[in-house]
Amino acid sequence: MNLVQKILKQHVVEGDLGSGQEIGIRIDQTLTQDATGTMAYLEFEAIGLPEIKTELSVSYVDHNTLQDGFENADDHAYLQSIAQKYGLYFSKAGNGICHQVHLEQFAKPGKTLLGSDSHTPTAGGMGSIAIGAGGLDVAVAMAGGLFYLPAPKVLQVELIGKLRPFVTAKDIILNVLQTLTTKGNVGFIVEYTGSGVKSLSVPERATITNMGAELGVTTSIFPSDEMTRAFLKAQGREEDWIELGPDKDATYDKYLVVDLSNLEPMIALPHSPDNVKTVREVTGLKVDQVLIGSCTNSSYKDLVTVSTLLNNKVVDPEVSFGVAPGSAQVLEMISSDQSLTKIVKAGGRIYESACGFCIGMGQSPRTNAVSLRTNNRNFFGRSGTESANVYLVSPETAVASALSGVISDPREVFKNQTIDFAQPTSFVDTKSLLLPPLSIENRQSIAIVKGPNIGEPPINTELPETLSALVALKVGDKITTDHIMPAGPYLKYRSNIGKYSEVVFKNVDPSFSSRAMTNKTNNVANIIVGGLSYGQGSSREHAAICPMYLGVKVILVKSIERIHRANLINFGIIPLTFEDHKDYEFIDFGDELFIDAIRDQIHQPLITILNKTKNISFQARTEFSEREISYILAGGKLNVLKG
Ligand code: MIC
Ligand code: SF4
């Protein structure tokens, strides 16, 4: 067996791993963050259990920490009261980015972790099967329910050789993204094997599994070995270690080899993480902003490296340079070993340990800026400045470029330098912002605190017998959930669906929301037509809830990404894929589509759609499990759960 099969075998409760069909797995741990968490806990409350049923659940506050108005602070208070009432850990604002903190404090080899954030696979660096999902699926897992996924295929990525100086874990995953791209990997789990694994520390492995999310795979995982043990020991959790790896004769569904010795510094160009080139190919481009942080590259090692390379120099005067440590632990450690001082002396602006600029919560670059970031995503508009061009790089490349003012290869800038970083044998125990669960007795008196911005999760209506709908929007390939539901300044409306729905597709077609709402008011359903890889990126279920609120009933696309597909079904929107991709060309914005006997047709592999405007019929694929069909018929999973 490979490692994925070994762990899943221990967790499968329904279905058969080898079947290719849907399986239901038991979830040991869950995590939520505030931007998806408020809705997830509103849903958990709607399920109506007195406490969580998982081994461990953590509610993190890391996304909406810019408290511009009362809304975010109200959300934080709600989340804290929920954690206290139902038995969760609560990680307060400032304690750090959920994935970094989870790796430090809670992730365990061999466990399953479900998180309402697409970068939950970060814990795969620790040997967990860690999967991102919509808030409702996480709420169900907290309530002891199973998580369903198609029995995964496993892609082995064999790492051989050893990284050369100034070539990093980030360059490994950028290289993998260049090969596999962000499309066409749905249904796979990536398992890293090979002699090259040994040389990578847990935080480096976590950089790779973190950005594996951009491949569109279900998750990525590394074995648990002596490196893992050393990291857990240094975190004071050696007892959480078990050795875990594939059998010698393990088999896989697909194979890729990466020779680390041949890699060089890589860079993802605007506006997609798979638009990868070597740094060498783009050196010399003037940069305006350099930001180091995000759940991909904000570990202690990353920031010590940054400070060492700054080496008492000052960054180029025309560059705005900023650093966000990934957690309070990282911040305390770089502060006690003087790395922080060196970063400040070099001209670094220090941001809170939070997602911040990565999700457009501040630090939007200037008009037409070239912004170099160590993030995992550079989707159009995500930085908050539409005309900006965001490039993704390693911390080493970021510092080299901040010092020289132009995109630079760190091997050139730091020619005669070496970095001797040894993983710490002991991390500090920074827990002042991490609140443990209350005892059962103390939970009784906790009242749930709900500010005026916090609404109820909206409920959809049952699927009608026939569906007549207008094409309210036609889009192309690679539409991300950032296109569908912009974040940044609108994040504070995550618990106010009516308000948040006003910005659906804002950066694609600002008139979409009001048009869709008018159709809905006139009892006309909306259909969105799209191309390949629709719904890439985040796990935000708002990209389903808000369109649902606006009366969207069907998404008709060439292909669709895993988490978004599940979210649509959970909220009673039908994701259909074109049987023949050519039919995409024959549909126009404003066309009227008709689906007869849709409640019956949904059980068939193909559904017939009549384009009334063009007077042509075509077919679309359904590919739903019986469980998914029950959600679609009922108008969403909450309706089924509530009976
Ligand atoms: C992201 O990186 O896009 C986010 C913000 O973390 C999202 C979650 C969200 O939209 O709240 C994710 O990755 O799932
Ligand atoms: Fe936060 Fe960015 Fe990581 Fe998403 S990708 S969890 S916004 S740091």
Side-chain angles (χ1 to χ4, degrees), residues 31-40 59-66 72 75 79 91 93 95-103 114-123 130-135 137-138 173 206-207 209-214 216 219 273 291-299 302 324-327 330 351-363 373-384 390 392 480-495 500 503 535-546 561-564 566-567:
L31 72 76
T32 55
Q33 39 89 341
D34 50 326
T36 54
T38 42
M39 201 41 72
S59 170
Y60 293 93
V61 176
D62 55 1
H63 280 62
N64 297 340
T65 60
L66 213 64
N72 293 340
D75 281 354
L79 293 170
S91 175
N95 194 43
I97 306 172
C98 55
H99 310 302
Q100 173 67 26
V101 178
H102 207 83
L103 195 72
L114 194 71
S116 62
D117 192 281
S118 65
H119 291 103
T120 304
T122 310
I131 303 177
D137 285 334
V138 177
I173 186 63
T207 293
T209 56
N210 170 284
M211 210 172 165
E214 275 43 78
T219 188
L291 299 177
I292 293 172
S294 92
C295 54
T296 320
N297 277 121
S298 58
S299 68
D302 286 330
S327 68
V330 172
Y351 309 128
E352 190 177 19
S353 293
C355 300
F357 57 79
C358 177
I359 189 57
M361 265 280 161
Q363 312 317 326
R373 300 175 171 213
T374 63
N375 307 356
N376 43 41
R377 289 186 175 147
N378 57 348
F379 299 147
F380 173 75
R382 185 173 158 107
S383 69
V390 177
L392 308 175
T480 71
T481 50
D482 280 72
H483 287 110
I484 305 170
M485 260 348 301
Y490 311 110
L491 275 174
K492 66 180 181 186
Y493 299 121
R494 282 283 174 96
S495 23
Y500 198 26
V503 296
Q536 282 191 2
S538 87
S539 69
R540 62 192 72 151
E541 61 186 350
H542 297 78
I545 300 178
C546 294
E561 294 300 310
R562 175 187 68 88
I563 307 180
H564 187 56
N567 287 338

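Both counts, for ligands and for their atoms, begin at 1 and track the order of listing. Because the structure is predicted, anything quoted here is derived from the model rather than measured.
Taking every heavy atom of both residues into account, Ser538 and Ser118 meet most closely at CA-OG, 3.7 Å. For the pair Cys358 and Asn376, the tightest heavy-atom approach, listed with the atom from each and the gap, is SG-OD1, 4.4 Å. Taking each heavy atom of Met485 and Val503 in turn, the nearest pair found is CE-CG2, 4.0 Å.
Counting only heavy atoms of the protein, atom 12 (C) of ligand 1 lies nearest to Ser538 CB, 3.1 Å. For atom 2 (Fe) of ligand 2, the nearest protein heavy atom (residue, atom name, distance) is Cys358 SG, 2.3 Å. Closest protein heavy atom to atom 1 (Fe) of ligand 2: Cys355 SG, 2.3 Å. Counting only heavy atoms of the protein, atom 4 (Fe) of ligand 2 lies nearest to His63 NE2, 3.8 Å. From the protein, the heavy atom lying nearest to atom 8 (S) of ligand 2 is Cys295 N, 3.3 Å.
The shell of residues lying under 4.0 angstrom from ligand 1, judged by heavy atoms, excludes Met485. A heavy-atom separation below 4.0 Å is found between Arg382 and ligand 1. Residue contact annotation: His99 has a non-hydrogen atom under 4.0 Å from ligand 2.
Among Arg494, Met39, His542, the residue whose heavy atom sits closest to atom 9 (C) of ligand 1 is Arg494. Considering only non-hydrogen atoms, atom 1 (C) of ligand 1 lies nearest to Arg377 out of Gln33, Arg377, His99.
Of all the heavy atoms of His63, the ones lying under 4.0 Å from any atom of ligand 1 belong exclusively to the side chain. Residue Asp117 touches ligand 1 through backbone and side chain together, judged by heavy-atom distances below 4.0 Å.
Contact atoms of ligand 1 toward Ile359: 5 (C) (distance under 4.0 Å to a heavy atom of the residue). Each of the following atoms of ligand 2 lies closer than 4.0 Å to a heavy atom of Ile359: 7 (S).
Ligand 1 has no nitrogen or oxygen under 3.5 angstrom from a nitrogen or oxygen of Asp482.
Aromatic ring pairs are classed by plane angle as parallel below 30°, tilted from 30° to 60° and perpendicular above 60°; the pair His542 and Tyr500 is perpendicular.
Residues Arg540 and Asp117 are not paired through a salt bridge, judged by the lack of any N-O separation under 4.0 Å between the basic side chain and the carboxylate.
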